[in-house]
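Quick notes on the structure that follows.
What you see is a predicted model, and the numbers here were worked out from it, not measured in a lab. The figures here come from the full heavy-atom set of this structure, side chains too, leaving out hydrogens, waters and symmetry mates.
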Amino acid sequence: MKQKKIPLRSCVITREKLPKQELMRIIRTTDGEVEIDLTGKKNGRGAYIKKDLAVLEKAKKSKALVRCLEVEIPDSVYQEIEDVIKQEM
């Protein structure tokens with residue numbers, strides 16, 4: 001029997017290739033707002049980051065998400081991402 005293919009995505013911070021379940025998708029909508037996409041199906045430009053608080057801190061310092069999504073990210077979005085990561089731990 002064939003094994004089901006596991007979709008891999010790259011974390012924009014660590015550049016690791018990981019299964020989609022271990023990553024969180026952050027999107028920039030067509031309105032220019034930044035949201036967390038827990039379903040992985042929302043429309044917009046997306047970037048994946050690893051579900052890890054250390055990676056989130058590195059993302060804040062390096063502004064890698066800002067460069068990837070090409071929009072300024074408010075602190076409230078970073079706080080929301082942190083809350084989601086803490087829930088899943």
Side-chain angles (χ1 to χ4, degrees):
M1 189 171 171
K2 255 187 162 175
Q3 284 220 343
K4 191 173 180 181
K5 185 178 176 185
I6 299 172
L8 296 177
R9 300 291 184 266
S10 293
C11 174
V12 295
I13 311 303
T14 63
R15 300 287 185 210
E16 290 179 85
K17 291 251 185 203
L18 297 166
K20 263 176 101 171
Q21 294 82 19
E22 294 178 29
L23 299 168
M24 181 182 304
R25 186 169 185 246
I26 314 298
I27 63 163
R28 181 193 71 208
T29 63
T30 53
D31 302 334
E33 295 186 25
V34 179
E35 299 177 1
I36 300 172
D37 182 11
L38 297 174
T39 63
K41 298 178 191 271
K42 286 185 179 179
N43 286 336
R45 179 174 183 81
Y48 289 92
I49 65 166
K50 190 175 179 181
K51 293 179 184 175
D52 187 0
L53 292 176
V55 172
L56 180 61
E57 284 301 314
K58 191 173 179 184
K60 281 184 195 178
K61 288 180 185 175
S62 68
K63 298 195 180 230
L65 280 177
V66 173
R67 283 193 304 275
C68 192
L69 297 177
E70 300 169 351
V71 69
E72 199 59 41
I73 299 174
D75 287 334
S76 60
V77 173
Y78 284 119
Q79 185 61 46
E80 193 178 338
I81 294 169
E82 187 175 325
D83 293 341
V84 171
I85 291 172
K86 285 180 179 176
Q87 283 179 350
E88 297 201 9
M89 288 179 110

Heavy atoms, side chains only, cut-off 4.5 Å: are N43 and T29 in contact? no
For residues I26 and L38: do they belong to one hydrophobic cluster (side chain heavy atoms under 4.5 Å, members Ile, Leu, Val, Met, Phe, Trp, Tyr)? yes
If you group Ile, Leu, Val, Met, Phe, Trp and Tyr whenever their side-chain heavy atoms sit less than 4.5 Å apart, what else falls in with L18? L23, Y48
Indicate every side-chain donor-acceptor pair of residues 78-89 with a distance under 3.5 Å to a residue at least two apart or in another chain.
residue	atom	partner	partner atom	Å
Q79	NE2	D83	OD1	3.2
E82	OE2	K86	NZ	3.1
E88	OE1	K51	NZ	2.7

Determine which pairs satisfy salt bridge (charged side-chain N to carboxylate O under 4.0 Å, His left out) with at least one residue from residues 39-48, sequence neighbours left out, and list them in order. E35-K42
Taking side chain as C-beta onward, heavy atoms only, is K50 less than 4.5 Å from I13? no
Report the residues that fulfil side-chain contact (heavy atoms from CB on, under 4.5 Å) with P19, sequence neighbours left out, ordered by chain and then residue number. I6, L8, Q21, E22
List for me each residue that meets salt bridge (charged side-chain N to carboxylate O under 4.0 Å, His left out) alongside D37, sequence neighbours excluded, and say none if there are none. R25
Return all side-chain donor-acceptor pairs below 3.5 angstrom for residues 59-75, not counting sequence neighbours, or 'none' if the list is empty.
residue	atom	partner	partner atom	Å
S62	OG	K58	O	2.9
S62	OG	A64	N	3.4
R67	NH1	S62	O	2.8

Can you tell me how far CD of E16 sits from OG of S10, rounded to the nearest 0.5 angstrom? 9.5 Å
